[in-house]
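Read the structure below first, then the notes.
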Amino acid sequence: MKRVSGQGDRPPQGQEPAGWPLPAEAEAWARHLVGRLKQAPLAVLPRWVVGADVAYDSGVAVAAAVVWDLKEGFPVWWRALRRPISAPYQPGLFFLREAPCLLPLLQRLPVRRWVGMVHGHGTAHPWGAGLACVVGALFKKPFLGCAGALLCGQVSPLAERRGNWVPVTHEGKVVGALVRTRDRAKPVAVSVGHRLKLPQAVQLVLATSRYRLPEPLRLADQLASAVLAGALPGASLAAATVEAVAPFQGGCP
DNA sequence: GCGACAG
DNA sequence: ATCTTGTCGC
């Protein structure tokens, strides 16, 4: 598929939009990428779950990543990165806005074996190419998507108790799951992005959830917002140096 | 054809 | 996403 500048299948480096498709060719680019997705089961659940999210404000984006230790049950590393917004939000093309911000950050993780979690959909997407699929495929890492609302698909009634879930069906296929992460709270939409199975994705979301959103994502959400608001220091991509971010609210023990 | 539509 | 503190309910 044609790109602004061909760079193989590796995550684009540096300033955008180099390596990313233009909005007009994004659908074709994404559909091509879908053909390269793997749904192989995760042989071993990694010890670390990386939650990543982005907060925006008039031209500026702050991406944040949090490494959650499944064994200990708390965050062990976090970082935020500031950079310019590269694309407007468009349902279905969310990855064009979010992925460029996430990649530079994910390349600096302190752990080798991890599963990624993004605030958005994976396969539960009109073309089966949600943010989690795009990031997972580019990184060749297991990724799942966890969103607050469905973008497509149908579901049956879901029990009110935490831990229950029902499949999300789209065009005759199971593309995700609606998961109750907290009693009586609005369910979350979980779907596979790359290199893991839906039951494993659901298991990971439930294993890291205390409130409605899984902790790795909820904390990344808060960190990104705090840095955006200026309450905490973040690093600028333009500065070429990524700095450590000070502990934030609800920090680690 | 029209509207809805992750964040 | 974002404008916005406390408040009510489970």
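Bear in mind that the values here come from a model prediction, so they are computed numbers and not experimental data. Only this structure's heavy atoms are used, side chains among them; waters, hydrogens and symmetry mates stay out. Every chain is numbered from 1, with letters handed out A, B, ... down the list of sequences.
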message: Looking at Ala87(A), is its backbone amide N or carbonyl O close enough to the side chain of Arg97(A) to form a donor-acceptor pair, meaning the two atoms are under 3.5 Å apart?
response: yes
- request: Measure the distance from CD1 on Ile85(A) to P on dG7(B) and round it to the nearest whole Å.
  value: 16 Å
- request: Indicate, with yes or no, if the rings of Trp48(A) and Trp77(A) have centres closer together than 6.0 Å.
  value: no
Base-paired stems in DNA chain C, each at least three Watson-Crick or G-U pairs under 3.5 Å: none
query: Ring of Phe94(A) versus six-membered ring of dG7(B): centres under 5.5 Å and planes under 30°?
result: no
task: Starting at atom CD of Gln90(A), determine the distance to atom P of dG7(B), rounded to an integer number of angstrom.
output: 16 Å
message: Base, sugar-phosphate or nothing for Gly92(A)? Non-hydrogen atoms, less than 4.0 Å.
response: base
message: Counting distance alone, no hydrogens or angles: does the base of dA6(B) have a donor or acceptor under 3.5 Å from a partner atom on the side chain of His125(A)?
response: yes
- request: Let me know the distance between CG of Leu213(A) and P of dA6(B), rounded to the nearest Å.
  value: 15 Å
message: Please check: side-chain N/O of Thr123(A) versus main-chain N/O of Val192(A), any donor-acceptor pairing under 3.5 Å?
response: yes
field: Euclidean distance, atom CG of residue Leu217(A) to atom P of dA6(B) [Å, nearest integer]
entry: 16 Å
field: Donor-acceptor contact below 3.5 Å, side chain Arg195(A) vs main chain Lys140(A)
entry: yes
query: For the ring pair Trp20(A) and Phe95(A), is the centre-to-centre distance below 6.0 Å?
result: no
Euclidean distance, atom CG of residue Leu102(A) to atom P of dA6(B) [Å, nearest integer]: 18 Å
task: To the nearest Å, give me how far apart CD (Glu98(A)) and C1' (dA1(C)) are.
output: 9 Å
query: Mind checking whether Trp68(A) and Leu42(A) sit in one hydrophobic cluster, side chains of I, L, V, M, F, W, Y counted as touching below 4.5 Å?
result: yes
message: What contact category does Leu96(A) fall into here, base, sugar-phosphate, or nothing, at under 4.0 angstrom with non-hydrogen atoms?
response: nothing
- request: Would you indicate what His121(A) reaches in the nucleic acid, counting non-hydrogen atoms under 4.0 angstrom: base, sugar-phosphate, or nothing?
  value: base
query: If Ile, Leu, Val, Met, Phe, Trp and Tyr residues are connected whenever their side-chain heavy atoms lie under 4.5 Å apart, and connections chain through other members, are Trp78(A) and Val227(A) in the same group?
result: yes
task: Spell out, yes or no, whether Val155(A) and Val174(A) are grouped together once hydrophobic residues are joined by side-chain heavy atoms under 4.5 Å, including indirect joins.
output: no
- request: Would you indicate what Tyr89(A) reaches in the nucleic acid, counting non-hydrogen atoms under 4.0 angstrom: base, sugar-phosphate, or nothing?
  value: base
message: Each nucleotide in nucleotides 3-10 of chain C should get exactly one letter: B, S or -. Can you fill that in based on protein heavy atoms under 4.0 Å?
response: -------S
task: Check for a donor-acceptor pair, side chain of Thr208(A) on one end and backbone N or O of Pro214(A) on the other, with a separation under 3.5 Å.
output: no
